[in-house]
2 protein chains.
Amino acid sequence: MFSQTTEYALRAMSCLALAPEQLVPTTTLAAMTKVPTNYLAKVLQQLAAANLITGRRGVGGGYKLARPADSINLLEVVNTVGSLQRITTCPLGLANHGPNLCPLHRKMDEAAATMIKLLDGVTLKNLIDTPGSVNKPLCDARATQDVTISGSIRVRPAPAGTNGHHR
Amino acid sequence: MFSQTTEYALRAMSCLALAPEQLVPTTTLAAMTKVPTNYLAKVLQQLAAANLITGRRGVGGGYKLARPADSINLLEVVNTVGSLQRITTCPLGLANHGPNLCPLHRKMDEAAATMIKLLDGVTLKNLIDTPGSVNKPLCDARATQDVTISGSIRVRPAPAGTNGHHR
């Protein structure tokens, strides 16, 4: 349903949310998200242009979230690389339809509204602090046990008692 | 949210549902749906390959629905030209995730499940026989008043008292 670019953008943002204080190199992000480096680099440029992430070039450079993970919702990410919009007027430009959508476009608008509500209500923080979740996004077993991955990104398990709560 | 191809496929199927007994030429469908003819021709080939429509070449040829409009739902159309599937296993292939999706992919799967349910529950017939709807898909004012459009497709308003009921 989501485009490949959208899937990759969500993976990258989830990955950065796991290590919000670090500048993560594109190559490390590519390895973590299993996305071709060149493809991911373009996605990251779009996310940076939308001010969702900030980057620094050169040795020790990379990307990190531009804002706290609890202030970035999935809808922002999806709409940075794609378009999830309500249908407000007839896409065919039929004069007598206008804002009075026909049943086809009313249903498509209902679908868009449903998706917008679903994605608007979930932040990156929610994804990495889901109560009762065994898995963290993109992390294999080692990653949840405080092991350095790919030489650069370190993911720490949440302190006991805080998992699922916003800090 | 939906790809352009999906939008065009839904327009074409809605259009054919308005005149289920007629073979509608591609050029007429293109005019009705406001889709470039060559683009639409490829979409129609996909719909025909999936046995949603049947076609005949030559003079007097065109396409019509392969089955009654009340037996074709929007999900079938969407999945003929795109892919709207549940996520059943980790898209990254992480061994320790497998069917235990992480919160990111659980949310994306929830979105897919929601869309599938929404589109599975609506047939082409529902679109053209929506109770209380002023507009029919793709039709301008004239089309709802039994006027021949583009020299080929004739859309008759539903007989009094039958609007909204499956016949």
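In what follows, chains carry the letters A, B, and so on, assigned in the order in which the sequence lines appear, proteins first and then strands, with residues in each chain numbered from 1. Just so it is clear, the model here is predicted, and its values are computed rather than measured.
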Only pairs of heavy atoms separated by less than 4.5 Å count here; which of B:G82, B:S83, B:A111 has the most with chain A?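 Most heavy-atom pairs within the cutoff with chain A belong to B:A111.
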Check: A:I87 main-chain N/O paired with A:D109 side-chain donor or acceptor under 3.5 Å: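 It does hold such a pair.
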Is a side-chain N or O of A:T6 found less than 3.5 angstrom from the main chain of A:F2, in a donor-acceptor match?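 Such a contact is absent between A:T6 side chain and A:F2 backbone.
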Heavy-atom proximity to chain A below 4.5 Å, by part of B:L74: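 Side chain of B:L74 only, per the 4.5 Å heavy-atom cut-off to chain A.
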Can you say whether A:T114 sits under 4.5 Å from chain B via the side chain, the backbone, both, or neither, judging by heavy atoms?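 The side chain, not the backbone.
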Salt bridge present between B:R106 and B:E110 (N-O < 4.0 angstrom):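 Salt bridge: no.
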Check each of B:D120, B:L124, B:L119, B:N126 against B:V122 using the side chain to side chain contact (heavy atoms under 4.5 Å, CB included) test, and report the only one that passes.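 The side chain to side chain contact (heavy atoms under 4.5 Å, CB included) with B:V122 is passed solely by B:N126 among B:D120, B:L124, B:L119, B:N126.
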